[in-house]
Number of protein chains: 2
Amino acid sequence: MPEFLDLHSRTTKVLRALADEAMRANGLHYGQHHLLAALWRQDGRTPGEVAAKLHVTTPTVVKMADRMTTSGLLVRRRDDRDNRLVRLWLTDAGRALQEPVETARRDLEQQVTADLTEAELACLMDALAKVARTAEGLLGSGS
Amino acid sequence: MPEFLDLHSRTTKVLRALADEAMRANGLHYGQHHLLAALWRQDGRTPGEVAAKLHVTTPTVVKMADRMTTSGLLVRRRDDRDNRLVRLWLTDAGRALQEPVETARRDLEQQVTADLTEAELACLMDALAKVARTAEGLLGSGS
DNA sequence: GCCTAATCATTAGCCGTCAATCGATTCCGG
DNA sequence: CCGGAATCGATTGACGGCTAATGATTAGGC
C-alpha cells in the first residue's frame, strides 16, 4: 500500500548498486567516498566531526576509518593540544582519488537523471527536500 | 556536487530511521517487515522466491529467516516433493502482526508526504519511477 | 588543587546487504 | 538406468549502519 515508501526503497537499492559499481572501479567501497569527500573539503577532521557531516554515528566513521587506514587512504594522528581527539589525515593515495571519483559521481548523477526534463528534475529535488525536512522533524518525536 | 544523489541518500537515511523506529514499536527490525509482507501475500514461499520479490539476494532472506524463526515469527519446512526446497510458513505470531504493522506503515507514508500538495506528490512519484527505471537499465551494463 | 562531570574515541554486538562458494538434490541425455 | 549438468538453499566473510558500554582525557566547580 505505501506507494511512496516502496518506490523510494526500490530506488535506493538500485542507486546504491550503481554507486557501488562505480566506486569499486576506483578501488573504493560504497560508503568510503563520503568519508573521503569530507576530508577533501577539509583535511584533519576528527571522527566526530566527520560523522556529523555525514549524518552517521561516530562508530560508523571509526570502523570505516579503520579499514581505510589499513588500505592506505588515510592516517590517524592524535591532536597535539587535546589528547582525546584523533584527527584523520589523507594520504597521497587518498588525495589522488578525488578527481576520478568526483568525475565518476557526477557521471552517475547525470546518467540516472538523463530521462528527466528540467522541470521534472526541479520538481523531484524540491519534493524530495520537503520530504527529507518533514521526516527529519518527525524523527525522535515519535518516541 | 551531485545534488540529486546526495539528497536522495539523505532522504534514505532519515526514512530508514523512521521506519526502524516504527517497526521497533511492533517488536520488528527494519527489514523483517518486507519478508513478512511477502508471506502475508502468499504463505509458504521459498527463500529464493521471497528474495526475488524483495529484490534482495537469497543469503539476505536466509539470514533474516534464521532470526525470525528464532523469534517465533515463522517456521521452516522442507518441501515434500522437492527436497532441495525450503518453505517459510508464518506462525500465528507472524500473522498477528499484519494489521498493526500495515497500519503503522501507512501512517508513516502519510506523515512524510503530508507537506506535499497532490501535484507535488504526483510529480515526485513520477520522476522517482523514471529514475528507478533508468537506473535499473544502467545496472550491469557498466561492467 | 582535587574530584566530579562532560567529551571524545573505541569496542562489542546486532541487523541488513552483497558476492562467492559449497553441498545437496533433481532433471535430462544417452 | 546411470551420470553429468543445472538448480537451489545454506554458509562464509566482508561492508555500512546502529545502540550501548568502556576507557581515556580534559574542563569546571568548589
Side-chain angles (χ1 to χ4, degrees), chain A residues 9-10 12-21 23-24 27-36 38 45-52 54-71 73-74 76-88 139-140 143, chain B residues 9-10 12-24 27-38 44-52 54-71 73 76-88 139-140 143:
Chain A
S9 76
R10 174 178 151 219
T12 297
K13 272 195 193 70
V14 61
L15 285 183
R16 188 201 159 99
L18 278 176
D20 212 33
E21 191 174 277
M23 288 307 113
R24 209 177 296 269
L28 288 180
H29 292 278
Y30 173 73
Q32 303 186 342
H33 154 259
H34 298 294
L35 204 168
L36 284 180
R45 287 189 207 258
T46 68
E49 287 169 358
V50 173
L54 304 190
H55 299 106
V56 298
T57 60
T58 307
T60 298
V61 173
V62 169
K63 276 210 266 183
M64 217 175 327
D66 275 346
R67 292 186 281 260
M68 293 170 74
T69 299
T70 301
S71 63
L73 295 174
L74 48 85
R76 272 188 167 86
R77 213 166 57 216
R78 298 210 88 96
D79 189 293
D80 294 333
R81 307 214 305 243
D82 188 339
N83 217 303
R84 289 172 303 185
L85 302 184
V86 165
R87 300 202 169 271
L88 306 176
L139 199 54
S143 56
Chain B
S9 76
R10 176 180 149 218
T12 297
K13 271 194 196 73
V14 61
L15 284 183
R16 188 201 159 97
L18 277 177
D20 211 33
E21 191 173 277
M23 288 307 114
R24 208 175 296 270
L28 287 180
H29 292 278
Y30 173 71
Q32 303 185 343
H33 155 260
H34 298 294
L35 204 167
L36 283 181
R45 289 187 205 258
T46 68
E49 287 169 358
V50 173
L54 305 189
H55 300 106
V56 298
T57 59
T58 305
T60 298
V61 173
V62 170
K63 277 209 249 183
M64 216 174 330
D66 275 346
R67 292 186 281 259
M68 292 169 75
T69 299
T70 301
S71 62
L73 296 173
R76 276 186 163 86
R77 212 167 56 217
R78 299 211 86 97
D79 189 292
D80 294 333
R81 309 213 307 241
D82 187 339
N83 217 303
R84 288 171 305 183
L85 301 184
V86 167
R87 298 202 171 270
L88 305 177
L139 199 55
S143 58

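In what follows, chains carry the letters A, B, and so on, assigned in the order in which the sequence lines appear, proteins first and then strands, with residues in each chain numbered from 1. Bear in mind that the values here come from a model prediction, so they are computed numbers and not experimental data.
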Protein-nucleic acid N or O pairs under 3.5 Å, nucleotides 12-21 of chain C:
{"residue": "dG13(C)", "atom": "O6", "partner": "Lys63(A)", "partner atom": "NZ", "Å": "3.4"}
{"residue": "dG16(C)", "atom": "OP1", "partner": "Gly31(B)", "partner atom": "N", "Å": "3.1"}
{"residue": "dG16(C)", "atom": "OP2", "partner": "Arg67(B)", "partner atom": "NE", "Å": "3.3"}
{"residue": "dG16(C)", "atom": "OP2", "partner": "Arg67(B)", "partner atom": "NH2", "Å": "3.1"}
{"residue": "dT17(C)", "atom": "O4", "partner": "Lys63(B)", "partner atom": "NZ", "Å": "2.6"}
{"residue": "dC18(C)", "atom": "OP2", "partner": "Thr57(B)", "partner atom": "N", "Å": "2.8"}
{"residue": "dC18(C)", "atom": "OP2", "partner": "Thr57(B)", "partner atom": "OG1", "Å": "3.2"}
{"residue": "dC18(C)", "atom": "OP2", "partner": "Thr60(B)", "partner atom": "OG1", "Å": "3.3"}

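- Within the model, atoms CZ of Arg67(A) and CG of Leu28(A) stand 12.5 Å from one another, a figure rounded to the nearest 0.5 Å.
- Of all the heavy atoms in Arg76(A) and Val86(A), the pair that sits closest is CG-CG1, 4.0 Å.
- We find that Arg16(B) and Asp20(B) are not joined by a salt bridge, their nearest charged nitrogen and carboxylate oxygen being 4.0 Å or further apart.
- First and last contacts of DNA chain D with chain A, using any nucleotide atom under 4.0 Å from a protein heavy atom and ordered 5' to 3', fall at dC15(D) to dT26(D).
- You'll find the side chain of Leu73(B) stays beyond 4.5 Å of the side chain of Leu35(B), heavy atoms only.
- The only option from Arg45(B), Arg84(B), Arg87(B) that meets the salt bridge (charged side-chain N to carboxylate O under 4.0 Å, His left out) definition with Asp79(B) turns out to be Arg87(B).
- Considering every non-hydrogen atom in both Val50(B) and Ala38(B), the closest pair reads CG1-CB, 4.3 Å.
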Shorter than 3.5 Å, N or O on both sides, protein versus nucleotides 25-29 of chain C: list them out with atom names.
{"residue": "dT25(C)", "atom": "O2", "partner": "Arg84(B)", "partner atom": "NH1", "Å": "3.4"}
{"residue": "dT26(C)", "atom": "OP1", "partner": "Asn83(B)", "partner atom": "N", "Å": "3.0"}

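- Within the model, atoms CG of Leu54(B) and NE2 of His33(B) stand 10.0 Å from one another, a figure rounded to the nearest 0.5 Å.
- To the nearest 0.5 Å, the span separating NE2 on His34(B) from CE on Met23(B) amounts to 8.5 Å.
- The minimum heavy-atom distance linking Thr58(A) with Pro47(A) is given by the pair CG2-CB, 4.3 Å.
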Begin with the C-alpha distance, continue with both residues' side-chain angles, and end with the deciding distance and a verdict on side-chain contact (heavy atoms from CB on, under 4.5 Å) for Val14(B) and His55(A). CA-CA 9 Å; Val14(B) 61; His55(A) 299 106; over 6 Å; no
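- Within the nucleic acid shown, Arg87(B) has no heavy atom closer than 4.0 Å to any nucleic acid atom.
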